[in-house]
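Working notes for the structure below.
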Amino acid sequence: MSKVAVNLRVKGLVQGVGFRPFVYRIALVAGIKGWVNNDNLGVSIVAEGNADAVAQFKSALVNELPAAAYIAEIQEERVEIQNFESFNILQSNNHSDEVTEVSPDIAVCEDCLRDMRAQSHRIAYPFINCTNCGPRFTIIRALPYDRHQTTMDVFEMCDTCRSEYEAVTDRRFHAQPVACNHCGPTYQIHGHDVTSSDIAKVVSIWLDEGKIIALKGLGGFHLLCDATNNVAVTTLRQRKNREGKPMAVMMLSTEAAEQYFFMSGEERSTLTSWRRPIVLLRNKHSLAQSVSNGMNTTGIVLPYMPFHYQLFENLKTPAIVLTSGNFSDEPVVIDNALAKSDLGSIADHFVSYNRAIHNRADDSVVMVVAEKERMIRRSRAYVPASIAIQIPTEGIFAAGAELVNTFAIGKGSTAILSQHIGDLKNAPTFEFYQESIGRFSSLFRFTPSLVACDLHPDYMSSAFAEKMNIPLEYVQHHHAHIAACMAEHKLDRKVIGIAFDGTGLGDDGTIWGGEFFVCDLSAYERKYYFDPVPLPGGDRVTEEPWRTAVSYLYKYLGPTVFDQELAFLYDIPKEKIQLLLQAIDKGLNCPLSSGAGRLFDAVAALTGICTHSSFHAEAPMRLEAAIVKDCKSKYLFDIEDKRITFMKLFYLILKDMRNGITQDVISAKFHNTMLAVMLTVSRKLKAETGINSVVLSGGSFQNRYLLENALHMFQEQGFEVYAHEKVPSNDGGIALGQMAVAAKRRAEKQSN
Ligand code: ZN
Ligand code: ZN
Ligand code: FE
């Protein structure tokens with residue numbers, strides 16, 4: 001049979017995921033000669049052999065990929081036969097500004113867990129890794145991905161590790177962070193002289209005793225305590241200033257988690273995936289009361305670092321709280337010295353290791369709704385995987401939103417989203433934002449030529465964008481939300497966009513957030529929206545939802561409604577309410593808002609479920625947690641011109657309350673009303689425009705009940721319905737939407 005030779009250029013996630021050793025192995029199996037090398041474009045292969053062998057090799061290339069690798073594109077070209085005598089892995093090349101992808105961090109693999117018991121130089125070694133697992137994004141400084149470009153550069157490989165690193169058939173061949181007990185990083189307990197092999201044991205004893213531990217993780221410090229010990233959890237809350245927010249919990253296995261939580265097949269595979277996100281599971285039996293604090297779900301994560309597994313070898317408790325090592329709203333601490341000073345007042349003991357974290361990454365958080373993973377916080381193990389947009393994005397920087405900021409850079413026709421950054425109003429968080437933009441720009445060789453930002457002039461991200469002094473594209477907040485979801489699903493046409501959200505500036509200067517758009521990627525029409533209400537006290541309504549409830553009642557039912565006994569205003573002085581009403585009349589610090597989040601707030605307050613909120617979105621979360629099962633009834637609403645009005649809703653809720661209808665039923669009826677609003681308005685828009693595709697986005701779709709039932713309802717009613725999977729429906733997804741809108745507008749301008 002005649003010999004052929006091809007050059008295959010492979011793009012996608014093909015570096016730092018064991019791709020070259022994999023290519024080497026399948027080349028040996030198929031009897032292929034030639035070479036493979038890494039460059040900043042991806043991986044290039046020359047494969048020489050008879051036609052059958054080359055075909056076998058090509059099919060193995062796509063069908064037998066390592067777990068974390070993925071191929072976006074293979075370009076194939078016939079090349080001249082050079083009669084190679086063997087197959088080789090060549091040195092990394094480095095050219096052009098077009099770069100390949102960087103692998104996210106990968107949870108420790110089964111083989112490495114076995115090696116921790118079997119390999120003499122790695123017995124109980126807590127930094128064990130191989131080409132299929134270990135740190136990646138959190139330790140990388142520059143491309144191509146080589147040891148000297150990572151924070152492993154200060155550790156010199158011992159002879160054993162080096163021989164594995166250089167042996168093409170070894171699982172650690174070119175595993176950049178390869179290390180062992182003789183040469184690699186080590187853990188230390190501050191102020192305690194404990195031999196490294198005993199550290200995990202000592203820490204687990206402390207945890208079982210109820211102590212709080214600061215532990216350096218993969219992308220930042222964590223705070224740990226026994227999740228079955230209410231005193232420990234409450235103490236951690238107090239010291240951390242984290243009054244009500246639910247905390248994530250680590251458990252050894254899905255079997256252990258199933259004792260306490262309900263788990264679907266999809267939730268099980270998400271929990272055990274190499275990404276190891278925190279998965280929100282529905283409570284079955286509670287851990288310490290203070291862990292989920294009244295919510296009906298808990299965030300569960302399985303161990304992903306070797307050290308985590310070592311802890312569970314000795315722990316008596318089945319569950320430990322694993323919360324970010326920071327004070328509320330500040331970025332998670334990554335620096336050893338800073339951690340000691342910052343977390344010293346929170347933790348009883350302090351455990352770190354001597355390898356630096358270069359890129360900070362919080363744990364990612366997801367939930368599974370309608371059998372699909374839905375992102376709540378996209379960070380460790382997802383970032384910096386790119387998201388294909390299919391419109392040229394090169395040179396576009398998307399600045400993101402304000403509160404749960406992420407930013408994005410455009411490469412080729414993809415968006416590379418940053419890790420979760422946080423609330424930019426916090427000075428340390430804004431520093432982290434700027435630092436990360438610098439790091440992404442240098443890592444991905446990115447030079448911005450166009451910047452996209454939110455309309456809101458007070459967002460730190462908008463101010464940052466304006467200072468860049470390059471062409472700027474403003475993107476309305478809810479248009480960005482819808483565009484993000486469209487981009488994920490590669491929708492480049494007109495759709496019905498439903499944005500149910502907290503807050504975002506509209507193009508008329510008022511606050512929006514209960515929006516029905518007819519839009520495409522470049523423009524939108526605001527077709528219908530929630531009737532705007534004044535928010536007495538402005539931003540204060542997010543902490544005091546009772547204010548919004550008062551405003552709705554006043555607007556729809558008039559001043560006399562306050563003559564009756566309203567339980568939710570029990571501890572608010574009458575004069576304070578009168579002052580509030582006067583402020584509304586005079587329009588003093590009472591911005592108008594159509595935000596859906598505010599309507600959820602108002603109902604949560606009115607029913608007494610949450611009148612004061614101690615963390616972001618607490619009121620709607622508690623309202624959702626209250627929903628009674630299997631209630632199909634709902635309240636009424638009206639559509640007046642373009643406004644969706646809720647006079648009947650509030651009248652009927654008050655009537656239900658007077659009749660002793662319980663909170664759980666009222667909450668269910670309210671949620672069902674929101675579903676009815678979506679369907680009624682979408683049918684009207686479909687009749688007006690003929691558009692049958694509905695796109696759902698905005699923070700309110702983190703509500704499992706709302707999302708699950710909306711998807712079901714629209715499908716049942718013959719709509720095509722799209723919701724987020726890859727990026728959050730909250731403001732963490734805004735940067736992707738800004739990117740898509742800016743890319744589309746630029747493409748349209750260029751074609752004109
Ligand atoms: Zn491994
Ligand atoms: Zn070694
Ligand atoms: Fe938003």
Side-chain angles (χ1 to χ4, degrees), residues 16-18 21 66-68 105-116 118-123 125-136 147 152 155-166 170-173 175-186 274 304-306 309 400-406 454-456 459 461 475-485 497-506 511-515 542 593-598 616-617 620 696-702 724 727-738:
V17 288
D105 301 277
I106 308 168
V108 59
C109 74
E110 292 290 333
D111 292 334
C112 282
L113 289 175
R114 254 193 305 276
D115 287 349
M116 277 173 86
Q119 274 191 333
S120 59
H121 56 306
R122 293 201 183 87
I123 294 295
Y125 183 56
F127 293 91
I128 193 164
N129 66 83
C130 70
T131 49
N132 299 319
C133 76
R136 299 288 188 273
R147 188 178 179 105
M152 279 301 291
F155 300 95
E156 183 141 3
M157 272 184 234
C158 69
D159 291 344
T160 322
C161 283
R162 178 156 297 281
S163 66
E164 294 167 306
Y165 181 86
E166 285 170 355
D170 196 283
R171 206 174 81 248
R172 296 193 173 81
F173 172 71
Q176 305 304 340
V178 68
C180 76
N181 273 317
H182 306 305
C183 66
T186 50
W274 60 267
Y304 54 87
M305 291 176 84
Y309 281 97
E402 174 94 340
L403 194 58
V404 277
N405 177 278
T406 63
D454 198 276
L455 278 183
H456 205 306
Y459 279 7
S461 51
V475 182
Q476 197 277 326
H477 189 89
H478 303 101
H479 186 211
H481 269 306
I482 301 296
C485 190
I498 305 180
F500 279 9
D501 198 34
T503 295
L505 186 63
I511 302 167
W512 291 6
E515 312 301 316
T542 54
S593 165
S594 67
R598 296 295 84 82
H616 179 65
L696 309 174
S697 188
S700 300
F701 288 105
Q702 288 175 99
H724 285 283
V727 303
S729 65
N730 62 41
D731 285 5
I734 285 284
L736 177 64
Q738 292 173 341

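Each ligand, and each atom within it, is numbered from 1 in the order the structure gives.
- Ile128 pairs in a side-chain contact (heavy atoms from CB on, under 4.5 Å) with only one of the listed residues (Met305, Arg172, Arg114), which is Arg172.
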request  = Please lay out, stage by stage, how Met157 and Glu166 fare under the test side chain to side chain contact (heavy atoms under 4.5 Å, CB included).
outcome  = CA-CA 11 Å; Met157 272 184 234; Glu166 285 170 355; over 6 Å; no

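- Within the protein, the N, O or S atoms sitting under 2.8 Å from the Zn ion (ligand 2) are Cys158 SG, Cys161 SG, Cys180 SG, Cys183 SG.
- In this structure the side chain of Trp512 reaches within 4.5 angstrom of the side chain of Gln476, judged on heavy atoms.
- Here the side chains of Asp501 and His478 are in contact, with some heavy-atom distance below 4.5 Å.
- Using a cut-off of 4.0 Å between Lys/Arg side-chain N and Asp/Glu carboxylate O, Asp159 and Arg162 are scored as not salt-bridged.
- The NE2 atom of His616 sits 7.0 Å away from the CG atom of Asp731 when rounded to the nearest 0.5 Å.
- Here the Fe ion (ligand 3) is the vertex; the OD2 atom in Asp501 and the NE2 atom in His477 give an angle of 100° (to 10°).
- Summary: OD1 is the N/O/S atom of Asp731 found nearest to the Fe ion (ligand 3).
- Side chains of Met152 and Pro185 form a contact here, defined as non-hydrogen atoms less than 4.5 Å apart.
- Note on ring orientation: taking the six-membered ring where Trp is involved, the planes of His481 and His477 are perpendicular (angle over 60°, cut-offs 30° and 60°).
- Listed by chain and number, Cys109 SG, Cys112 SG, Cys130 SG, Cys133 SG are the protein N/O/S atoms closer than 2.8 Å to the Zn ion (ligand 1), with waters left out.
- Looking at residues two or more places apart in sequence or on another chain, you find a ring pair (Phe, Tyr, Trp, His ring centres under 6.0 Å) between Tyr304 and His308.
- In this structure His724 satisfies the ring pair (Phe, Tyr, Trp, His ring centres under 6.0 Å) test with no other residue, sequence neighbours excluded.
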